[in-house]
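Reviewing the structure listed below.
Note that ligands are numbered from 1 as they come in the structure, with each ligand's atoms numbered from 1 the same way.
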Amino acid sequence: MSSQATRVLNSQQDELDSSEVAERELCFRAFDARNCQFPAPRVPLLPRLTSVSIGLSTNRTFFPIVADTPYRFYSRGRYALHEAYSRAGVGAQGALLVPAYHCRTMLDPAIRLNGRVILYPLDERLAPRISSLARLIERSKTPVRALLLTHYFGFPQNSGELHSFCQERGITLIEDCSHAYFRHQNDGNLGKVGRFVVASPYKFSPAEDGGVLIANQGATDLPESPEMRGFSEQLRSVARVVRKNLQDRFQPDSHAVDGKLAKSGPIDFAQGTESLLQAHQISAMYEPWVENKSGLLLSRLIVQMSDADRIAEIRRANFKHWLHAVRGLPHCRPLFDELPEHVVPYMFPLYIEHHAPHFSALKMLGMPIYRWDEMAVSECPVSQDYRLHLLHLPCHQSLGQAEMDWMTGLVTKVMMEIQES
Ligand SMILES: Cc1ncc(COP(=O)(O)O)c(C=O)c1O
């Protein structure tokens with residue numbers, strides 16, 4: 001990163017005035033875990049390649065959102081987003097409305113296009129606060145060209161309402177199905193409303209990569225097919241997949257966890273540091289050379305051979321297992337307290353009241369956790385709060401009973417036995 005464009009601010013000394021935030025350059029609040037020395041997660045965050053995911057049954061209740069529609073296959077959703085933003089007119093003359101609760105890769109493609117990013121607020125269940133959108137659009141000096149609507153954790157948003165809102169204002173609606181790859185046969189809307197739809201099949205199938213771009217106005221709205229990867233890259237990917245799947249299998253260590261917990265108090269868990277980072281620059285997770293490159297052939301094959309019904313069934317059972325396990329636990333609550341019939345969940349979102357010491361304790365004990373702790377500063381209190389307090393926990397189809405029991409048992413022990421600092 002260039003030192004001119006990037007400034008690291010100490011969050012204690014140089015807080016931003018929230019009323020200025022919308023008119024400023026993007027500024028990220030970031031959690032740095034380098035001094036924590038967290039071990040590698042003991043359970044994979046995304047599905048492994050096992051026979052559980054694969055099957056070609058035709059008697060189906062769930063369908064991938066690409067069924068019966070033209071699409072393009074990229075390496076990741078972020079590169080499909082780049083194409084969607086660009087086609088919608090995001091750039092120096094066109095702004096993008098993005099939900100304030102986000103990961104860096106939702107913003108990177110707009111930054112790469114030199115587009116202005118406007119963060120819009122969400123309610124506690126991560127639905128857009130539609131009443132704020134009109135004010136943000138009026139206030140923007142750059143015309144708003146596109147709005148990203150994210151179906152978080154696989155739970156479909158009310159896209160019809162936003163579709164009308166965008167249509168009245170000539171704004172392109174882009175549905176972000178990165179967490180929502182499978183549609184129930186009775187759910188007519190998921191991935192069918194936005195002019196463009198972007199998805200990340202590698203989060204649902206045990207593939208190394210894979211990002212999808214759908215155009216609901218038809219194939220003529222799509223770009224040319226992305227460039228195929230070279231032969232040696234394809235071969236290397238096969239070797240990587242084989243190697244990864246030969247790695248050691250999970251062994252529960254409940255006694256070791258009990259021992260560590262018995263010996264530890266809240267101060268024994270390193271807490272990491274916080275900083276403010278001012279930068280209208282892409283993150284290290286966005287690689288411009290991968291733009292317009294196709295996903296790997298092996299990934300495409302695995303995604304196409306994935307059994308939607310079986311994946312849906314196991315993910316739904318694991319999500320319910322989590323719901324049952326955290327019911328009544330102190331210091332935490334599920335973001336969604338039930339699982340509607342048509343939802344195929346991506347992960348299980350768990351709100352924790354005390355980032356310290358519970359997040360660090362879980363990480364130190366090997367819990368697999370995603371958390372969007374590097375997030376742009378916004379006027380949305382929910383997103384600012386969720387940055388450190390919302391954990392994304394795995395519920396994918398290749399988790400065995402022992403892994404689910406170990407994870408739910410660990411969360412239970414940490415919440416019950418470690419007092420807040
Ligand atoms: C909600 C959401 N949208 C978009 C993306 C970008 O997807 P990908 O990882 O396929 O680039 C992510 C990445 O995790 C995401 O969580």
Taking NZ, NE, NH1 and NH2 as the nitrogens, is one of them in R48 or E403 under 4.0 Å from a carboxylate oxygen of the other? yes
Hey, is E291 close enough to R112 for a salt bridge, meaning N to O under 4.0 Å? yes
Pairs meeting criterion salt bridge (charged side-chain N to carboxylate O under 4.0 Å, His left out) with involvement of residues 297-307, two or more places apart: D307-R310
Specify whether Y286 and H82 have parallel, tilted or perpendicular ring planes, treating 30° as the upper limit for parallel and 60° as the lower limit for perpendicular. tilted
Which word best sums up how the rings of F153 and H392 line up, parallel for under 30°, tilted for 30 to 60°, or perpendicular for over 60°? perpendicular
I'd like the contact residues of ligand 1, where contact means a heavy atom below 4.0 Å. R76, G77, R78, C103, T105, M106, T150, D176, S178, H179, S200, Y202, K203, W372
side-chain hydrogen bond (donor to acceptor under 3.5 Å, both in side chains) partner of R29, the single match among E374, Q384, E274: Q384
